[in-house]
Engineer: 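There's a structure below that I have some questions on.
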Amino acid sequence: MNLVMTLGFLLVIIGLWAMLTQKNLIKIIIGFSIIDTGVHLIIVSIGYIKGRTAPILDASVSVADAANKIVDPIPSALVLTAIVIGLAVTALMLTFVIKLYQKNKSLSIDDYQELKW
Amino acid sequence: MLNTVFIIILGSIMLVAAFLAVYIKNLVSSVIAAGIISLLASLIYLLLAAPDVAMTEAAIGSGLTTVVFLLALKNIKQKEEDTDD
Amino acid sequence: MVSPIYILILSLAIGFLLSVIDKTNRKFSLTAFYGVLTFNVLVIADWFYRFLFLGVPTLTINTAGFRAPVSINLQLGVQESFVLLFTNLIGLFAAIFLYKKFKESNISSLTLYLILIMGVNGLVMTRDLFNMYVFLEILSISTYSLTSFGKTGKSLSAGFKYMLAGVTASTFFLLGVVFIYYFSGNLNIDFIQASQFTNYGSIALFLLSIAIFIELKPFPANGWALDVYEAVDSGIVSVIAVVNSAAILFLFYKIMPILPERFLNVFGIAGVITFLFSNMLALKQKKAKRLLGYSSIGQVGLLVASLVFTANAPQHLIYLIVGGFFINHLISKAGLFWLSGIVKHENISDWNVLRGNRSLLILFGIFLFALAGIPPFAGFWAKWELVKLLVHSKMLFALSAILLGSLFEIIFLFRWFTLTVKSDIAATIPRWDASKIFSTSFLGVIAIFFAAMIMKVYYGFSLIHILPVLAVLVIDIIDFLPSKVKGLLSLLAVLAYGYYIYPFESNIQLFFGIIFIVGSAVNIISTLNRTGKSEGFYGFLLMMIFSFGNLIIATNYLEFFLTWEFMTISSFLLILRGKQAQKASLMYMIFSTAGAYLMMVGFAFAPQLMGNSPLVISLANVQLPLISIILLSIGFMIKSGSLGVHIWLPEAHAEAEADVSSFISAILLKAGVFGLLLVGISYVKFAPSFDIFYWVGWIGVLTAIVGAFLASFQEDAKRLLAYSSMSQVGYIVAAIAMVSHLGWVSALYLAFNHMMFKSALFIAVAGIYYRTHTRNMYEMGGLIKKMPLSYITVLISIIAVSGVPPLSGFGAKWLIYTAFISNGWYLQAGVLFFASAVSFLYLYRIIHSIFLGQLKYEHQDIKEAPVWFIIPQYIFLGGIMAISAFPNLIIKPLNKIAMHYFGSSIRIDGYSIFSELGHWDGHVVMLVTMGAFIVPLLILLLLVGKTQKVKQFNIVYAAERPESPQTTHVAHNMYAHYRKALGGWGKPRIWNFWHSASEWTHSLADYFRHIYTGNGQTYVLHIILYVVVIYIVMGV
Amino acid sequence: MIKQVLSLVAIVLLAALIFAPMLINTPLHTSLTPLANYYATQGADDLGAPNLVTAIVVTYRGLDTLGEVTVLFIATAGIGFLMGKKKKLITPKRPASELLQNGASFLLPIIILFGVYIFMHGHLTPGGGFQGGVVIASGILFMMLINQDWSHNVFLFLESFSGFFYVTIGALGIVLAGGFLDNRILPLGTFGTIFSAGAIPLIYSLIGLKVGTELVGILHAMRGEE
């Protein structure tokens, strides 16, 4: 059992619940950002190896024994990218909400159903 | 062991914050709560020996994202006031 | 030879700088923008050429100076370059399409567009899973932003829904990628493929694949996509529907090797379901762009399905099927979306503004036909090969669903087409935009280019098989000429064509050659009466006639089916020319397509043909399986208007232009007869244990009697003749179904006879319509004095139909009864005999109502039909008289034809034909009967004095006029009492059946589409539920 | 209501059927994956960067990072595109206090210096282009808050050219070294010093500049009309 991964999945579930049930557009985006945080936690937890240190070679970690002392650097590298992309998506979604609000003066998702069938 | 305790404590706070973020009526508080989740997540990254991620999450995930949310809210608020006038 | 990585580098470098460049001048930024897009196309085209023709091996590009999996690598092979060539090309032309908007809009739109295309290139080339995620995000975010190009409220909310769905899918994608890394230790798909997955690793694969699959918009988790298609600017939406979809589809293709087979099968089925339901739901859609959205989603579903189903097929088939559908979807969908941007009307019924511009209308037709899988466009070949493949791999469920979906597709596409071509122009014509028209035309050219490439390079068809299409192209070029010139040229072309195909390998081909080619040539004379230009008429007429001819020389199933489809589409377009023909032609197309699909499956089940001889010869040695016989027979019987599937027939005959109806009735129906005979040829030697032709015979018999009854109740002369044709062809079908010597002799005899007298009758009616402008018989009367030549035609023809001595019909009837009785089909013979009696009713009616009785007041000054109508009538009359007086002219050759299959059962001695039941000497019968006619006629002429004339409506009423004066006409509702006598049998049951089937389908579609509530949140819920359901179905 | 129930069902099923088995069946790794092992043992020799995450982010998976910068870039462009042309900024009703203004102009260079420090040391210590970029952006944000407006064009040029040079240096890798985004176009230098690891400090600085200006662009655009 991986505690951080559990936490990550719980956050994904809570975020998803918010996305599916909250009417307010801002709340829906908050839901997405909670999901995002959860996913990042999951990714980092995948790279973690118990009792090891950060993947930086310095005085305490020499090149020779790095393979036995550091955690997996790849998930960290992936998460860096994912975090920035998450911000980009969140900001863009918020911009859509701002524009939608400008046009319709409503933040409820139920008021944006003019296209259907 | 200490790590585990820390993670459990941080995780519990994060889950509470997540519920608050979803169910608080006030949008600003809700945004702040979501920011707290990210901030605590960056602490967890430190515990998981991922300082790069921790810095990024703190700066972008909790810092900038919250600012962006607040800017958006401000923008919407402004519109509200505009229409009230 | 520029490395494709420079596509990414240049796009990014220019993309980053674009806003700075724009500070100087928009011209510079536009130049840079289009320059990069062109650069992409050129680089990829160069590589594509190298891979395809120079055999250059697949290119691998390592980044950062390390090999995969240490660093990310890109790959460009023939598949990647194929996809990229098209996506970049469409991307470039979509940008040209949007030129005006790009010129005026914010510079960000150029940047976004450029990066979007860059993202597509990266997404297709990269081999690294996480890198795919990054490129997918680049693609998605630039697309989300561009959805607001129109900046309407609708496009904003659609864009937001798109984002909600997109981020949900991305989340799954990202989770899938990292868990795949967890289980395999790799992110590069080539290395992942090599590593073993435990059972739990398959969940990771599931998450990855379902995320991509959701991006491909599966039914029903695709409401968001429909909203985007409807609301977003047409230029951008074409990119979303075509370029993005192609890239994501290729992504799916790339990960296919790492997916377990059971995943792929479920995805394949889900693709089929998407295709079926999207097309069904589209039936209720009136908004053009949303309709195209449904269609796009369906096409992508079909592409996924064909990717999965062809996984184990030979390479060239994969290219033909998947590549064919791919090209087809790209070109036709982009083209139609661009047209929607040109037309600027939301509702499909307003698209008739296209009629203001001939070339746009042609483009519309090209894209629509390509989308519908009409030959020669790429989709047709793909469908043909896919059907064969599915039949061979026994995936009959998928096959039926795909064909049903295709049929729905035909219905809504052709409804759209007929509405556009036929409805009255009410909407205003928007101003056309040159860059838009340029891009759209380019696509039309590409579509035709690929059609030609596949036909020539892939199948190696010779010119003769492509002749029907070439005819359309050639006539289109000379369409400015007056119609009389084109008519004469067409006549010459048909004669030359007949001369060219003349040396036939068998007599039966010669026989049908005479019906198809000589019959058509004579019929063409009647079209010379046309004035003006008759634009588009002769092209399709020639296409149809050449198709008739090509049917009899076809040497394999594909040639036959291709020609059959040419015939269908050309006759559809000819019927559509009629003034009120919108519904009629649509119904014709739907039934024809359904028949064609059955035939396609029937052919797929049939064993491979050996040798290179025409089907009429080679099929004699081929044992068709029962399923083939059933499907082919139904297909052919639809074309010949057999009972149950006949309802297209009266409509099409009646509503087509006057000189087209004779072609349809006299010749087109014989194509169905010819087809049925082909099945029969195999049946002779290899009759299946279940005697299906016995039931075909019954259908023929019932068609004959029902057709006769229905004909009797018609008020419309052409409709009457149409039902009469149905009835007559029923005889022929029944006679073929006997599969006996005498049966076939009589069938062919009837077919020939019917060709002549029905041509004569339809042309006569055409002449009458030309003068009276009505087809209702109760509005005519007494025309014998005004149009004596037409009268003689009709009189002789109906004698020929009715089977009264002395004319040829009698011989036909005599033969057929003899055949039935010697075959032991007594009951059938009885019914047919009764049908003959019924046919007197309508035959009497036509001559009586039109020519006898009182001349109408408004017809006082009417003249005889124009000479162009009279000439062909009398040529046919001559033919009828000739074979009546000298039946041997035809019986002898027919005897020989049938003997080829059966050995003879009749003996011909002088002018007499002997069967086991007796003999008939047409020559003597003719002489005797003529004598018997002429003597009373002379007496009559001598004795009859002047008759008193009364005006038609000279009836005194008790101070009131009847509400509808025609009810007082004796010819109106003439056989009401018979109809009453028939009771419930007189009701249009079959019509009602098809009508309610259609209603039911439409309301089902309406019911289902209500899942698309328009709520973005609900769409996310759909996605989550879809993921769960697919997960359970897959049993991950 | 029915939607709530369905949502609950969907999420419970998703959690129970998909998330739970994944969670249970993915215990912590006990050793590095072969790929990570390669980075750990060869990374220093290959690229000369002590911070392996940076080595991966900037070079090994440099294409991802370039993509990520691009994502942020198009998000900025998209937001700008959506928000549309800005109206002329109205002078604020209440100018910020003098103290705040002076404080800000004093703090700003320090903040920016700190940001530059972070991305220059990205190959040595935790942090790098993204983090440094955010620090710079937050400094600018600070300025925005007190309504001391800077010409947006400066950022526009900085953003464009940092991105352009990033790509150009990447392309130089093809010509001078092993491939696109190869950092070995410059000498690897002494391991663990600031001017080492080839072009990594340079590339990470450009990334930092680019990310920082992009973030400023986002904030600027989202601020909307005053």
Side-chain angles (χ1 to χ4, degrees), chain A residues 3-4 6-8 10-11 13-15 17-19 21-22 24-27 29-31 33-34 36-38 40-41 43-45 47-56 70-73 75-84 86-87 90-91 93-95 97-99 101-102 105 107, chain B residues 3-4 6-8 10-12 14-15 17-19 21-25 27-28 30-31 33-35 37-42 44-80 82-83:
Chain A
L3 265 183
V4 177
T6 316
L7 179 62
L10 284 175
L11 286 177
I13 288 167
I14 294 172
W17 174 250
M19 257 182 102
T21 55
Q22 292 298 308
N24 189 310
L25 294 175
I26 300 280
K27 283 283 178 82
I29 301 175
I30 289 176
S33 105
I34 294 174
D36 224 29
T37 310
H40 299 158
L41 279 169
I43 300 176
V44 173
S45 76
Y48 182 61
I49 299 171
K50 220 169 178 177
R52 296 199 181 185
T53 63
I56 298 174
I70 59 167
V71 300
D72 191 341
S76 296
L78 302 187
V79 167
L80 287 191
T81 307
I83 290 173
V84 177
L87 170 72
T90 311
M93 279 174 115
L94 284 168
T95 314
V97 172
I98 294 173
K99 291 314 272 191
Y101 187 81
Q102 263 178 24
K105 302 282 172 263
L107 281 180
Chain B
N3 268 4
T4 315
F6 264 125
I7 289 173
I8 290 175
L10 286 173
S12 319
M14 282 165 80
L15 290 177
F19 272 107
V22 177
Y23 283 109
I24 277 188
K25 276 271 178 302
L27 288 178
V28 176
S30 173
V31 167
I37 303 173
S38 272
L39 199 62
L40 298 181
S42 68
I44 290 184
Y45 295 143
L46 277 182
L47 295 177
L48 294 187
D52 287 271
V53 185
M55 279 179 78
T56 315
E57 181 77 38
I60 296 182
S62 68
L64 262 178
T65 307
T66 312
V67 171
V68 168
F69 266 109
L70 291 176
L71 272 178
L73 283 179
K74 182 182 152 219
N75 223 314
I76 288 166
K77 263 261 177 64
Q78 222 158 41
K79 296 284 142 38
E80 242 164 14
D82 287 355
T83 43

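Residue numbers begin at 1 in each chain, while the letters A, B, ... track the order of the sequences. The analysis underlying the following values was restricted to heavy atoms, covering all of them including side chains, and did not include hydrogens, waters or symmetry mates. Computed from a prediction, not measured in an experiment: that's the story for all the values here.
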Engineer: Heavy atoms, side chains only, cut-off 4.5 Å: are A/Val79 and B/Asp52 in contact?
Structural biologist: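 Heavy-atom side-chain distance check fails, nothing below 4.5 Å.
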Engineer: Indicate the atoms forming the closest heavy-atom contact of A/Arg52 with B/Ala49, along with that distance.
Structural biologist: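 Residues A/Arg52 and B/Ala49, closest heavy atoms: O-CB, 3.6 Å.
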Engineer: Measure B/Leu48 against the heavy atoms of chain A and call it side chain, backbone, both or neither at under 4.5 Å.
Structural biologist: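 Both parts, backbone and side chain.
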Engineer: So which of B/Ala33, B/Ser62, B/Ser30 has the biggest tally of heavy-atom pairs under 4.5 Å with chain A?
Structural biologist: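 Looking at each option in turn, the highest pair count goes to B/Ser30.
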Engineer: Given side chains that start at C-beta, do those of A/Val4 and B/Leu47 come closer than 4.5 Å, heavy atoms only?
Structural biologist: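 A side-chain contact is absent here, since even the closest heavy-atom pair is not under 4.5 Å.
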Engineer: Sort B/Ala21 into side chain, backbone, both or neither according to what part of it lies under 4.5 angstrom from a heavy atom of chain A.
Structural biologist: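 Both parts, heavy atoms under 4.5 Å.
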Engineer: Where do B/Tyr23 and A/Lys27 come nearest, in terms of heavy atoms and distance?
Structural biologist: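 Minimum heavy-atom separation between B/Tyr23 and A/Lys27: C-NZ, 4.0 Å.
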Engineer: Let me know if B/Ile24 has heavy atoms under 4.5 Å from chain A in its side chain, its backbone, both or neither.
Structural biologist: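 Looking at B/Ile24, just its backbone touches chain A.
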Engineer: Tell me, side chain or backbone of A/Asn24 under 4.5 Å from chain B's heavy atoms, or both, or neither?
Structural biologist: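 Just the side chain, heavy atoms under 4.5 Å.
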Engineer: Say whether, by atom type as modelled, one donor and one acceptor occur between the side chain of A/Tyr48 and the main chain of B/Tyr45 under 3.5 angstrom.
Structural biologist: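 Side chain of A/Tyr48 to backbone of B/Tyr45: no pair is present.
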Engineer: Heavy-atom distances under 4.5 Å only: say whether A/Ile26 touches chain B with side chain, backbone, both or neither.
Structural biologist: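 For A/Ile26, heavy atoms of backbone and side chain both lie under 4.5 Å from chain B.
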Engineer: Of A/Leu11, A/Ile30, A/Leu41, which meets side chain to side chain contact (heavy atoms under 4.5 Å, CB included) against B/Ile37?
Structural biologist: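 With B/Ile37 as partner, A/Leu11, A/Ile30, A/Leu41 yield a single side chain to side chain contact (heavy atoms under 4.5 Å, CB included), made by A/Leu11.
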Engineer: Counting C-beta onward and ignoring hydrogens, is there a side-chain heavy-atom pair between B/Val22 and A/Thr21 closer than 4.5 Å?
Structural biologist: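 Counting from C-beta outward, B/Val22 and A/Thr21 never come under 4.5 Å.
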Engineer: In Å, rounded to the nearest 0.5 Å, how long is the span from CD1 of B/Ile76 to NZ of A/Lys99?
Structural biologist: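 Atom-to-atom, B/Ile76:CD1 and A/Lys99:NZ are 12.0 Å apart.
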Engineer: Given the options B/Leu15, B/Leu64, B/Leu10, which has more heavy-atom pairs under 4.5 Å with chain A than any of the others?
Structural biologist: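 Most heavy-atom pairs within the cutoff with chain A belong to B/Leu15.
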Engineer: With side-chain contact (heavy atoms from CB on, under 4.5 Å) as the test, would you mind laying out the steps for B/Ile44 and A/Leu7 before giving the verdict?
Structural biologist: CA-CA 11 Å; B/Ile44 290 184; A/Leu7 179 62; 3.5 Å; yes
Engineer: Is A/Leu107 close to B/Leu27 at the side-chain level, that is, under 4.5 Å between some pair of heavy atoms?
Structural biologist: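 SC-SC contact between B/Leu27 and A/Leu107 confirmed.
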Engineer: Please round to the nearest 0.5 Å and tell me the distance separating atom CG of B/Leu73 and atom CD1 of A/Ile98.
Structural biologist: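 B/Leu73 CG to A/Ile98 CD1: 8.5 Å, rounded to 0.5 Å.
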Engineer: Which residues pass the side-chain contact (heavy atoms from CB on, under 4.5 Å) test with A/Thr90, sequence neighbours left out?
Structural biologist: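 Once residues adjacent in sequence are excluded, the partners of A/Thr90 under the side-chain contact (heavy atoms from CB on, under 4.5 Å) criterion are A/Ile29, A/Phe32, A/Leu94, B/Thr65, B/Phe69.
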Engineer: Determine the minimum heavy-atom distance between A/Thr37 and B/Ser38, stating which atoms define it.
Structural biologist: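 For A/Thr37 versus B/Ser38, the nearest heavy atoms are OG1-OG, 3.6 Å.
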Engineer: Going from NZ on A/Lys50 to CG on B/Asn3, what distance comes out if it is rounded to the nearest 0.5 angstrom?
Structural biologist: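 Interatomic distance, A/Lys50 NZ to B/Asn3 CG, rounded to 0.5 Å: 8.5 Å.
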